[in-house]
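On a predicted model such as this, the values are computed, not experimentally measured, just so you know. Just so you know, these numbers use all the heavy atoms, side chains as well, and skip hydrogens, waters and symmetry mates.
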Amino acid sequence: MDQAEQAMVERVINHEMQERFGAGAVQRAVLLQHGDDPAVEPGQLMVRVFVEASDEPGLTAWQSAHQGGIDNIRRELSLRLPAARLLEFTFDAPGAPRISVPDDGSLAAEQLSGREIVTKAMELLRANYVFPDQAEQTATAIEAKLEAGEYDDLDEVTLTERLTMDLQEITGDRHLRVVLGGGPGPRPEGPRPEPEKAPDREKMRRIGRMDNFGIRRVERLDGNVGYIDLRRMAMAANAGPAITAAMELVAGTYALIIDMRHNGGGAPDGVVFWCSYLFDGRPTHLNDIFHADTGETRQFWALPYVPGTRYTDKPVYVLTSHRTFSGGEDLCYTLQALGRAQVIGETTGGGAHPTRGFPISAAVHIGIPFARSINPVTGTNWQGTGVVPDVACPEAQACDVAYARALEKVLAMEDVPPPIAHEAREALAGMPATE
């Protein structure tokens, strides 16, 4: 499980803990892998929950008050994240005692075998992949590996990682992934009621607020240069107010740096919402997505109205790394193609296919690209090639390179107030040398 996947699963676990026990009873939960804690063996995961207690009697009292919730969480983890063999409850203090709730194996019969997981994954791949011929070739190759015993006797972590590696090696498509977690939760007894859309939306907002919808940092740098550290492209319906607030905070700056070096992707409409702030409201064609299942092409245009202040006629610099991926690349590629931003850093990861998660079991799902992007300017996309920067440099230097260029722009402007000009000169003089 890579860091991005671990962070995603951990975010969901935290939300579930808050829902189960209440914000006043649980502080946070962390997901630990082998190497993070001596108790976690290879192929295992641990969920450690920090609760509202300050000593051992308080922890014991907390356990007594929440035993039903503890039992339910253990059951859900066993079904939805079987690799989480270890579950602990403790409080945040050195040497604090722990309540250990290991998986007793009683639900093993309800979990699919490795062979069943691989077989189901290939069925879903054949039925949904954006390139049907490649899906058939890939599934045939994976099934040959299955018959050769290459997926036998693997724990869930190793199996999903091995299968993902093989799928990506065969197809070259980094969106194609088999991952733990995210499958359907255990069904209650009796008919399942239809979910209500409004509570679902609010639940997504609550989860999104845990990482501020991917907006890690918004700052005004010396010289009146704006800086936004953006880690994911959240859905506009959820993140709209946060995006508006971020753009309002940088609205008065003379240049803007958008740091996408840790952005792993997200929703196309989130990309549209961010991009719309950088254009003047006239019709601007941003991107198209072709859906292989229906043969339809959906067009994406900059919004004619955005709340707050647009950021137009000012230089924009976008920072990239090899980790910039998917929807993060969409923003970079779109702004570059339209000449709205200068891309600085490393060539990005190269994933241009919108992806949907398909449940294999309660514990495992497969992400399958079902569509492909088509840029209206270039007629193609960044699949396999990545977004090639306008200014290539190591990711660690990208911010300094962009900031220096922004400061030079500020100093070349007319009518810059003397205090800001002084800030810009001082900041530029103190910049480290870059290649």
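- Considering only heavy atoms from C-beta on, Val26 stays 4.5 Å or farther from Phe50 through its side chain.
- Heavy atoms from other residues, nucleotides or ligands lying under 6.0 Å from CD of Glu56 number 12 at most.
- Taking the side chain as every heavy atom from C-beta outward, Ile344 and Arg405 approach each other to under 4.5 Å.
- Sorted pairs that involve residues 307-321 and meet salt bridge (Lys or Arg N to Asp or Glu O under 4.0 Å), not counting sequence neighbours, are lacking altogether.
- Of all non-hydrogen atoms in Asp390 and Ala341, the two that sit nearest each other are OD2-O, 4.0 Å.
- Ring geometry, His66 versus Phe21: the interplanar angle exceeds 60°, so the pair is classed perpendicular (tilted spans 30 to 60°).
- Contact between Ala398 and Gly345 at its shortest, heavy atoms only, is CB-CA, 3.9 Å.
- Applying the salt bridge (Lys or Arg N to Asp or Glu O under 4.0 Å) rule to pairs touching residues 406-416 yields nothing, sequence neighbours excluded.
- Separating the CZ atom in Phe300 from the CG atom in Asp330 is a distance of 8.5 Å, to the nearest 0.5 Å.
- Pairs engaging residues 287-306 under the salt bridge (Lys or Arg N to Asp or Glu O under 4.0 Å) rule: none recorded [sequence neighbours left out].
- The number of heavy atoms from other shown groups lying within 6.0 Å of CZ (Arg162) does not exceed 12.
- With sequence neighbours excluded, no residue forms a ring pair (Phe, Tyr, Trp, His ring centres under 6.0 Å) with Phe213.
- Using a 4.5 Å heavy-atom threshold, the side chains of Val364 and Val179 count as separate.
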What side-chain donor-acceptor pairs closer than 3.5 Å can you find for residues 84-100, not counting sequence neighbours?
| unit_1 | atom_1 | unit_2 | atom_2 | d |
| --- | --- | --- | --- | --- |
| Arg85 | NH1 | Pro82 | O | 2.3 |
| Arg85 | NH1 | Glu156 | OE1 | 3.4 |
| Glu88 | OE1 | Arg48 | NE | 3.0 |
| Glu88 | OE1 | Arg48 | NH2 | 3.2 |
| Thr90 | OG1 | Pro97 | O | 2.7 |
| Asp92 | OD2 | Arg28 | NH1 | 3.3 |

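- For Arg74, the side-chain hydrogen bond (donor to acceptor under 3.5 Å, both in side chains) criterion is met by Ser78, not counting sequence neighbours.
- Taking the ring pair (Phe, Tyr, Trp, His ring centres under 6.0 Å) definition, one finds that Phe370 meets it with His291, sequence neighbours left out.
- Phe358 meets the ring pair (Phe, Tyr, Trp, His ring centres under 6.0 Å) test with no other residue; sequence neighbours excluded.
- Rounded to the nearest 0.5 angstrom, Leu319 CG and Gln342 CD are separated by 10.5 Å.
- Within the model, atoms CG of Leu163 and CZ of Arg177 stand 11.5 Å from one another, a figure rounded to the nearest 0.5 Å.
- Residues in residues 232-248 take part in these salt bridge (Lys or Arg N to Asp or Glu O under 4.0 Å) pairs, two or more places apart or across chains: Asp211-Arg232.
- Under the rule for a ring pair (Phe, Tyr, Trp, His ring centres under 6.0 Å), His15 has no partner lying at least two apart in sequence or in another chain.
- With rounding to the nearest 0.5 Å, the separation of CG in Leu303 from OG in Ser276 is 3.5 Å.
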If you look only at distance, which donor and acceptor atoms sit under 3.5 Å apart when one is on a side chain in residues 255-273 and the other is two or more places apart or in another chain?
| unit_1 | atom_1 | unit_2 | atom_2 | d |
| --- | --- | --- | --- | --- |
| Asp259 | OD1 | Arg261 | N | 3.1 |
| Asp259 | OD1 | Arg261 | NE | 2.9 |
| Asp259 | OD2 | Tyr227 | OH | 2.6 |
| Asp259 | OD2 | Arg261 | NE | 3.3 |
| Asp259 | OD2 | Arg261 | NH2 | 2.7 |
| Arg261 | NH1 | Glu395 | O | 2.7 |
| His262 | NE2 | Arg323 | NH2 | 3.0 |
| Asn263 | OD1 | Gly265 | N | 3.0 |
| Asn263 | ND2 | Leu230 | O | 3.0 |

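- Exactly one residue among Thr324, Thr348, Thr320 makes a side chain to side chain donor-acceptor pair (under 3.5 Å) with Glu329. That residue is Thr348.
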(request) Might you work through the side chain to side chain contact (heavy atoms under 4.5 Å, CB included) test for Arg20 and Glu76, ending with a clear yes or no? (result) CA-CA 11 Å; Arg20 178 72 62 186; Glu76 290 185 22; 2.3 Å; yes
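- Put simply, OH on Tyr277 and OG1 on Thr312 are 13.0 Å apart, with the number rounded to the nearest 0.5 Å.
- Thr160 places no side-chain N or O within donor-acceptor distance of the main-chain N or O of Leu180, the cut-off being under 3.5 Å.
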(request) Could you walk me through whether Tyr129 and Thr138 pass side-chain hydrogen bond (donor to acceptor under 3.5 Å, both in side chains), step by step? (result) CA-CA 10 Å; Tyr129 194 41; Thr138 302; over 6 Å; no
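- A side-chain donor-acceptor contact under 3.5 Å links Thr284 to the backbone of Arg282.
- Of the possible donor and acceptor atoms, one in the side chain of Asn14 sits under 3.5 Å from a partner among the backbone N and O of Ala29.
- With contacts defined as side-chain heavy-atom distances shorter than 4.5 Å, the pair Ile70/Trp62 qualifies.
- Nearest heavy-atom pair across Gly252 and Asn224 is O-ND2, 3.0 Å.
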(message) Show, in sequence, the C-alpha distance, side-chain angles and deciding distance for Val30 and Leu32, and conclude whether the side chain to side chain contact (heavy atoms under 4.5 Å, CB included) test is met.
(response) CA-CA 6 Å; Val30 295; Leu32 305 176; 4.2 Å; yes
(message) Using side chain to side chain contact (heavy atoms under 4.5 Å, CB included), reason through Met233 and Leu331 one step at a time and then give a plain yes or no.
(response) CA-CA 9 Å; Met233 311 306 297; Leu331 181 138; 3.8 Å; yes
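- Contact of the Leu335 side chain with the Val318 side chain is registered, since non-hydrogen atoms from C-beta on lie closer than 4.5 Å.
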(request) Could you give me the CA-CA distance, side-chain angles and deciding distance for Phe131 and His353, then say whether ring pair (Phe, Tyr, Trp, His ring centres under 6.0 Å) is met? (result) CA-CA 11 Å; Phe131 302 114; His353 296 155; 5.3 Å; yes
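- The closest side-chain heavy-atom distance from Val343 to Val388 is not below 4.5 Å.
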(message) Apply side chain to side chain contact (heavy atoms under 4.5 Å, CB included) to residues Leu125 and Leu167 and explain how you reach the verdict.
(response) CA-CA 10 Å; Leu125 182 69; Leu167 287 168; 4.3 Å; yes
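- The shortest distance between side-chain heavy atoms of Arg126 and Leu124 does not fall below 4.5 Å.
- With rounding to the nearest 0.5 angstrom, the CE atom of Met235 is 9.5 Å from the CZ atom of Arg205.
- Looking at every heavy atom in both residues, Gly367 comes nearest to Thr355 through C-CG2, 3.5 Å.
- If you check the side chains of Tyr311 and Thr253, you find a donor sitting under 3.5 Å from an acceptor.
- Between Leu146 and Glu150, every side-chain heavy-atom pair lies at or beyond the 4.5 Å cut-off.
- By the 6.0 Å contact criterion, NE2 on His422 is open, its count of non-hydrogen atoms from other residues, nucleotides or ligands being 12 or less.
- With sequence neighbours left out, the side-chain hydrogen bond (donor to acceptor under 3.5 Å, both in side chains) criterion links Glu423 to Arg220.
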